[in-house]
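Chain letters run A, B, ... following the sequence lines, proteins first, then strands; residues in each count from 1. These figures come from a predicted structure and were not determined experimentally.
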There are 2 protein chains.
Amino acid sequence: MKKQSGEQPLGVKEIARRANVAIATVDRVIHNRPGVSPKTKSKIEAIIRELNYQPNILARRLASRHVLRLATLLPKVSSEETDFWTLPVAGIQKAEEEIKQFGVKIEPYYFDLNNRKSFAKVAKQILKNPADGILLAPSFIEESVSFIRSCKELKIPYVFINSDIPQQESLCYIGPDLFRSGYQAGQLIHYCTPRDTRVLVLNVSHEIEDHHHLLRKEEGLRAYFANTARPIVKKDIQQTDPASIEKVLTKALQQHPDTRAVFVTNSRVAAVSRFLEKRARKNKDQNILLIGYDFTKENVSRLDQGHIDFLICQQPGEQGYRGIMALYQHLVMKVPVEKTHFMPIDIITKENHAFYI
Amino acid sequence: MKKQSGEQPLGVKEIARRANVAIATVDRVIHNRPGVSPKTKSKIEAIIRELNYQPNILARRLASRHVLRLATLLPKVSSEETDFWTLPVAGIQKAEEEIKQFGVKIEPYYFDLNNRKSFAKVAKQILKNPADGILLAPSFIEESVSFIRSCKELKIPYVFINSDIPQQESLCYIGPDLFRSGYQAGQLIHYCTPRDTRVLVLNVSHEIEDHHHLLRKEEGLRAYFANTARPIVKKDIQQTDPASIEKVLTKALQQHPDTRAVFVTNSRVAAVSRFLEKRARKNKDQNILLIGYDFTKENVSRLDQGHIDFLICQQPGEQGYRGIMALYQHLVMKVPVEKTHFMPIDIITKENHAFYI
DNA sequence: CTATCTTTCGGTAACGTACCCGGAAAAACG
DNA sequence: CGTTTTTCCGGGTACGTTACCGAAAGATAG
């Protein structure tokens, strides 16, 4: 079908005609470039507003000699620790695939989650040849704040992914609402275990990582049970090896034999499930509900085998995808983007994980 | 940053140069238009393959004088019955928003879910001025098959959304795996109610609608409990008014006082929740788990008030979005699309519904 | 008043593709 | 062999924007 001439996407040409100037002049005011007298500038601006001019993105990208560079600053995917970040990276690649035709290029940078310094080092590297936009996981708060200060000076927009640092004028935040996800865990425990049994909260993580995030989840869980008499106990496990987990857990369960639910506040739930499986073999009567976080390969495998009951996930792939798209929307399409994208709190079970991403 | 000359997106110009022909000739080959001798045609085709030529979509759409028309054939959103289809429609609009700059236009058609004939009528209307692609919900199997027969003759690609008719050479199917969603409901019931209590399956629907779909969900539920001794009973309610529901349910619960879970196989769960709420007020001891389908406004409201325990949802908005995008990918980008897009089986609760969609 | 610099603007060649138009060569016809 | 038809192909313009180059007008200095 031929293009309807009924509707009229008026372009620069029409603006130029109406303003009695050349196309080049219209272009100058559109891009806020110098070389236009205030008089003609305001005249052209008026006409642009009047026509509600929408630039043709296709023609713009086609004619533009620039390619937009977006940098990503994320944790390295370490197979031995957790492969959580593979999915966001995949989402980012999907986004790149979609928009690379429009002159967008992504430059990935990775830091080591076990090494604060590596973050600062890689961040400095990015600033050496600054990109037009940045997507970062602000795992280390102090270092991140220092980095984005530089970004602000250079007027480079940045978006936070997976964890937020509020009040930092980021373009937007894309990730979970940690508190509410803990609250959701509370509901599952409430539905699946007897009212008077104990809940064990487990923080399995090195000191270096953000305890703050884990605490928010715990707070959410406790909030759910705030008006009940449910006994809750919390244990920290600083070493992530099986032996340390076994030691702490054995003691905790001995101390609190009424425990019927374990809530692991991060993706290390697979390791916990190994211990509980072993214990259940010896100790047939006990059936403990196990809930944890994140759609890692190992967790899903343990879920599938029935050793984890629920995983709470927050669409990690989508987070990466949306992060890039938010920068794209802002830089290319120049449309305002929502400040906060809370991801859905997905409940993953043995029965539905096959359909998840 | 300037465009790198390092990488080379070779275009028609380069192909023409290498083949020693004019650009127009290359264009003819690319679009399989007549007027090229077999010799030169194969020569050009060889070069295209060799260079792995990827046309520049931007330039293509910019130069093209055609606008792609996509028709959607969906149930009318009826506020009094169920507003399920508002979300897919919203997803379709979002997709249109994204790709309308690329010369894609969507023409929506709606039929009445309570009237088979209206489907056929609207379908005929579409065929009067056929679009380039069609997205349809094949709610009435016979009528749909007849419609897509015409589409096949006209070589118009079509995609099914929300429910499938297998073996019909559709471009793809986008929607739920009904069986597995019922299976998932089984798991929730298993976790949340005592082992030996009864499960009541409820089909609340007019005769005219697809009972087949509801049956698949029931099969899934029964499959979950296949190797257990769990008592399951099924009731059909043909009239959707509160009185009919009350009548059937009162009788069923009297007959089976051991019922502790009710599984409603579609979005009419809100109506069921009203009855159960009333009953619980009189009859304080009984606490019955209620699980149903779909993220309708009413269901969410009942969920939020605590009268529904779980809703199983399948990202209705995403379904519409993906359906349009699949047609776009196929018609504009000419890339192959996956035959089956099973949507995730999302478990929605009072605690997480606020983050959904 | 002329020379030089600055500000302001217009003309126009790209970007990669689609497609119209007209012309040359080849084939068919008489 | 001349004429018509068909087949095959190249030239060139258009799509809406970007951005370079240089011209005209105005400002400043000598």
Side-chain angles (χ1 to χ4, degrees), chain A residues 1-5 7-45 48 51-68 100-104 332-334, chain B residues 1-5 7-45 48 51 53-68 100-103 332-334:
Chain A
M1 187 181 185
K2 294 282 169 172
K3 266 187 188 167
Q4 301 281 359
S5 55
E7 295 182 31
Q8 1 59 317
L10 288 336
V12 280
K13 211 183 317 191
E14 176 65 13
I15 297 174
R17 200 185 59 76
R18 298 203 189 193
N20 238 333
V21 295
I23 293 178
T25 305
V26 176
D27 191 61
R28 276 185 273 262
V29 350
I30 287 176
H31 292 88
N32 214 26
R33 277 190 292 247
V36 184
S37 70
K39 240 193 314 183
T40 46
K41 180 165 179 177
S42 64
K43 177 165 62 163
I44 291 174
E45 277 169 341
I48 287 180
L51 293 185
N52 184 29
Y53 166 70
Q54 298 287 99
N56 182 321
I57 313 287
L58 292 103
R60 169 168 289 182
R61 289 311 315 173
L62 185 61
S64 173
R65 277 142 177 81
H66 290 291
V67 37
L68 210 67
K100 76 175 173 194
Q101 321 189 15
F102 307 148
V104 180
V332 177
M333 316 292 271
K334 316 258 189 207
Chain B
M1 187 182 183
K2 293 281 172 170
K3 266 185 187 168
Q4 301 280 359
S5 55
E7 295 182 33
Q8 2 60 314
L10 289 336
V12 279
K13 210 184 315 193
E14 176 65 11
I15 297 174
R17 201 185 58 76
R18 298 204 191 194
N20 235 333
V21 295
I23 292 178
T25 305
V26 176
D27 190 64
R28 276 184 273 262
V29 172
I30 289 175
H31 292 89
N32 213 26
R33 275 191 291 250
V36 185
S37 72
K39 244 192 313 184
T40 46
K41 179 166 181 177
S42 63
K43 180 166 61 164
I44 292 174
E45 277 170 342
I48 287 180
L51 293 185
Y53 166 69
Q54 298 288 100
N56 182 319
I57 313 287
L58 296 154
R60 172 167 286 184
R61 288 312 315 175
L62 183 60
S64 172
R65 278 148 176 77
H66 291 93
V67 38
L68 210 66
K100 76 175 173 193
Q101 324 192 5
F102 307 147
V332 177
M333 317 290 271
K334 315 260 189 206

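- Interatomic distance, B:Ile15 CD1 to B:Glu45 CD, rounded to the nearest 0.5 Å: 11.0 Å.
- Residue B:Tyr53 has a polar side-chain atom (N or O) positioned under 4.0 Å from OP1 or OP2 of C:dT17.
- When the side-chain nitrogen and oxygen atoms of A:His31 are compared with OP1 and OP2 of D:dT18, one or more of them lie within a distance under 4.0 Å.
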Mind listing the N/O atom pairs, protein and nucleotides 7-13 of chain C, below 3.5 Å?
{"from": "C:dC9", "atom 1": "OP1", "to": "A:Ser37", "atom 2": "OG", "distance (Å)": "3.2"}
{"from": "C:dC9", "atom 1": "OP1", "to": "A:Thr40", "atom 2": "OG1", "distance (Å)": "3.2"}
{"from": "C:dC9", "atom 1": "OP2", "to": "A:Ser37", "atom 2": "N", "distance (Å)": "2.7"}
{"from": "C:dC9", "atom 1": "OP2", "to": "A:Ser37", "atom 2": "OG", "distance (Å)": "3.4"}
{"from": "C:dC9", "atom 1": "OP2", "to": "A:Thr40", "atom 2": "OG1", "distance (Å)": "2.9"}
{"from": "C:dC9", "atom 1": "N4", "to": "A:Arg28", "atom 2": "NH1", "distance (Å)": "3.4"}
{"from": "C:dG10", "atom 1": "OP2", "to": "A:Ala22", "atom 2": "N", "distance (Å)": "2.5"}
{"from": "C:dG10", "atom 1": "OP2", "to": "A:Thr25", "atom 2": "OG1", "distance (Å)": "2.8"}
{"from": "C:dG10", "atom 1": "N7", "to": "A:Arg28", "atom 2": "NH2", "distance (Å)": "3.0"}
{"from": "C:dG10", "atom 1": "O6", "to": "A:Arg28", "atom 2": "NH1", "distance (Å)": "3.3"}

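- Between the P atom of D:dT17 and the CD atom of B:Gln101 lies a distance of 11 Å, rounded to the nearest Å.
- Rounded to an integer number of Å, the gap from B:Phe102 CZ to C:dT17 P is 16 Å.
- Taking atom CG on B:Leu62 and atom P on D:dT18, their separation rounds to 12 Å, with Å as the unit.
- Here C:dC19 presents its P atom at 10 Å from CZ of B:Arg61, a figure rounded to the nearest Å.
- For the pair B:Arg17/B:Lys13, no side-chain contact is recorded, criterion being any heavy-atom separation below 4.5 Å from C-beta on.
- In terms of position on DNA chain C, the residue among B:Arg33 and B:Lys13 whose nearest nucleotide sits closer to the 5' end is B:Lys13.
- Note that the CZ atom of B:Phe102 and the CG atom of A:Asn56 stand 9.0 Å from one another [nearest 0.5 Å].
- For the pair B:Arg17 CZ and C:dT17 P, the interatomic distance rounds to 15 Å; values are reported in whole Å.
- The distance between atom CG of A:Leu10 and atom C1' of D:dC15, rounded to the nearest whole Å, is 15 Å.
- Atom NE2 of B:His66 is separated from atom P of C:dC19 by 6 Å (rounded to the nearest Å).
- Taking atom CG on B:Asn56 and atom P on C:dA14, their separation rounds to 18 Å, with Å as the unit.
- B:Asp27 comes within 4.0 angstrom of a nucleotide base, judged by non-hydrogen atoms across all strands.
- Remark: A:Leu58 CG to B:Arg61 CZ distance equals 8.5 Å, nearest 0.5 Å.
- To the nearest 0.5 Å, atoms CZ (A:Arg28) and CD1 (A:Ile23) are separated by 11.5 Å.
- Note that CZ of A:Arg33 is 11.5 Å distant from NZ of A:Lys41, once rounded to the nearest 0.5 Å.
- Looking at A:Ser42, its side chain does come within 3.5 Å of a backbone N or O of A:Pro38 through a donor-acceptor pair.
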